[in-house]
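Data block below; observations after.
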Amino acid sequence: MEQKILKLIGVKGTFKNDVVPMMNYSSANITTSGAGYVVSLYYMKFLTDVVNLPLAWAGLVTTVAVVWDAITDPLMGIITDRTRSKYGKHRRYILWGMPLLCLSFIMMWNGYGFDGRTEPVKTFLYFTFAYMLYKTAYTVIDIPHVAMLPELAPDYDLRIQYNSVGYIFNSFGMFPSFFLVSAVLGSFGFSTPQAGAQKPMLIAGLILAAVYGLSLFTTFKRVREKPSLDLKVDKFDFRFLMNEYRYVVKNKAFREYFFMSLCYNIATYFYTTTLIYYIEYVAKLPSYYTLFTTIAGVFEASSFPLNYALTIKFGKKKCGAIVTPLMIAGFAVCLFMNPTAENETSIIWKILLMATAVLYPFGKSGLGYVATNILPDISDVDELITGRRREGVIGTFNTFIKKTISGVMSSVVMFILGGFGLVVGDEVEKWEAANPGMMYQQSDSALLGVRICMTFAPIFFTLISLYLLHRFQMTKKEHTLIRAAVATKHKYGAVALDAEEIVVMEKISGQKYESTWLGKDNDSADAQTLELNENGEYQILVDIENEMKKIRNSKEGKRAQKQEQKTENDSIEAVKAAIDEE
């Protein structure tokens, strides 16, 4: 039974020795996925309908906070890469960020009586500060957590297994968070955030903050990372900083991954920001929002076994190419929704809406799964170029640009919707109060703006992302070659590659081989060729002496030495006792 379960979730080995460490690491995903999911679903509606900020002001809150987030990401990446600690480079930041995230999450859903109608500036400043604080805490936690994975799972397939377990924990974070907010709102008679929902949103924020704090503490307490006390770092100055990111931009594998992932994220930003307005004003089925989101979450979570199987059988690229067209189909279905007053009673429109809830998230998981699995491999290409492990810099440069754009996207979507005449907040409330039982009728122009943001724009960017995925160069074979060459260089100081292997290095890195760290200083007679195992695969060598030193310096290593010494002392005492007795 254990083996069947392990096969289902895509993990090789045993539950105790292999799955439990993955669960410990992925516990933080409950926070990073759950908090982000709740914010993406509810926060814009909370700002516009609960605290009455105009669309432009609400979009600006998100833009300022996300741009701030993008600025702090690179700084956090450099900090983690240069951290010397007995806990390792990354783990302690998860503990430090925990109370900050809990506090900020409570502040985000507590307006302290601010009202955007009467005090727009004060309301804007308060929620901008609260959102910036949340983004800062998220950065302190998420950047080290993501950067830790390549070290915990250096093998190509092992990373896929870690991400498979992480995918499950993402669901553990998203669904309970969503259901909890829905339950709290429902207990007060609300289906979505709207006027008068200040108290239930604050209660939900308090409960979620406690849950998220517990999940982060579990990861800090249970994950074991190699100590970094012997880490050597260069002098930090402006020139060093520029060089750090210049190497990232020169990395061809990173550029290919980055633009693919960026277009994918832009497509999802359009969709998620517009969804709640689409369901309310185009589909005219606002009471089905909770059911829609539930079905969408279930199908996104249930897609990971298929994604894992496709990735193992065909590789990371093929998985995205097979599954992602369903995402486009989900966008396209939205075109056929016809807003009429009979939608609440017509089964056809309900089925059509639920078809979107099935197709989009299932297809979205394809590119999402691919992007998650490719990012750790980019750090190995970077090591080929620089000779250093820089997971933090790689990850944060990536998020710096994407988060900046995501912040801008929130304003862009709100600007488009406002430009087409979408009406939200006070005007809708006043009209519906004057017309009990009737929903506000948006103009044809406003509905067109919603359709553009919900269908045409996301389809366009998803197609670009699929094209860029097709152009991505690195496969498992090439990745193994890179890791084997880097490990050999670290161990012997020089590595000898043949012409075909050099071509692979240049194709992946986008640079002349001799200009990379791997290609320099290989004229020594000690230069080693790469070894192959019995299956003809490149053998990744390990510097045994260095690894043993790290193990001896670790907590587990010291404990093992004490136990070994105790056993030896017990044996000596036993021999002495035997001699005395004789």
Side-chain angles (χ1 to χ4, degrees), residues 9-11 13 15-39 72-73 76-77 79-81 83-105 134-154 158-177 180 207-228 301 304 372-373 375-376 379 389 391-392 395-396 399 550 554-556:
I9 64 176
V11 175
F15 187 83
K16 180 179 180 180
N17 297 328
D18 299 279
V19 178
V20 170
M22 297 178 190
M23 293 174 62
N24 291 335
Y25 169 78
S26 299
S27 177
N29 288 34
I30 294 175
T31 299
T32 56
S33 63
Y37 191 58
V38 169
V39 171
T72 57
D73 273 2
M76 193 66 220
I79 290 172
T80 58
D81 284 344
T83 296
R84 297 187 182 96
S85 170
K86 66 178 181 179
Y87 296 114
K89 293 192 294 183
H90 312 103
R91 191 160 60 98
R92 67 179 182 178
Y93 295 111
I94 295 174
L95 180 67
W96 293 354
M98 180 180 67
L100 191 62
L101 184 132
C102 294
L103 172 63
S104 63
F105 205 73
Y134 162 75
K135 287 294 186 180
T136 302
Y138 194 98
T139 293
V140 171
I141 293 164
D142 188 53
I143 295 301
H145 183 247
V146 173
M148 199 191 308
L149 179 59
E151 180 181 311
L152 297 179
L158 184 60
R159 288 174 183 173
I160 298 174
Q161 295 173 40
Y162 260 82
N163 284 321
S164 294
V165 175
Y167 219 87
I168 297 173
F169 275 77
N170 285 341
S171 301
F172 288 166
M174 291 189 298
F175 301 149
S177 297
L180 191 148
I207 298 172
L208 287 175
V211 173
Y212 296 154
L214 180 61
S215 74
L216 292 172
F217 184 75
T218 300
T219 293
F220 167 77
K221 189 70 176 177
R222 303 297 299 174
V223 170
R224 289 293 175 262
E225 189 182 6
K226 296 175 183 176
S228 58
F304 93 87
T372 300
N373 279 295
L375 181 58
S379 298
R389 296 299 302 177
E391 298 92 344
T396 55
T399 56
K550 290 180 179 178
S554 70
K555 188 174 181 180
E556 288 81 0

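Taking all atoms of both residues into account, the shortest heavy-atom contact from R159 to P154 is NH2-O, 3.5 Å.
Of the residues N163, V165, N29, the one that meets the side chain to side chain contact (heavy atoms under 4.5 Å, CB included) test with N170 is N29.
Taking T372 as the reference, nothing meets the side-chain hydrogen bond (donor to acceptor under 3.5 Å, both in side chains) condition, with sequence neighbours excluded.
Between the side chain of S215 and the main chain of Y212, a donor-acceptor pair closer than 3.5 Å is present. Here the side chain of D142 pairs no donor or acceptor atom with the backbone of Y138 at under 3.5 angstrom.
Around atom CZ of R84, more than 12 heavy atoms belonging to other residues, nucleotides or ligands sit under 6.0 Å away.
Using the six-membered ring where Trp is involved, W96 and Y93 have ring planes that are perpendicular, over 60° apart on the 30 and 60° scheme. Note on ring orientation: taking the six-membered ring where Trp is involved, the planes of F105 and Y134 are tilted (angle from 30° to 60°).
Because its NZ or CZ atom is not both nearer than 6.0 Å to the ring centre of Y87 and within 45° of the ring axis, R92 does not count as a cation-pi partner of that residue.
Looking at K89 and E391, their side chains come closer than 4.5 Å, going by heavy atoms from C-beta outward. Between H90 and H145 the shortest side-chain heavy-atom distance does not fall below 4.5 Å.
Judged purely by distance below 3.5 Å, without hydrogens or angles, the side chains of T136 and T72 never pair a donor atom with an acceptor atom.
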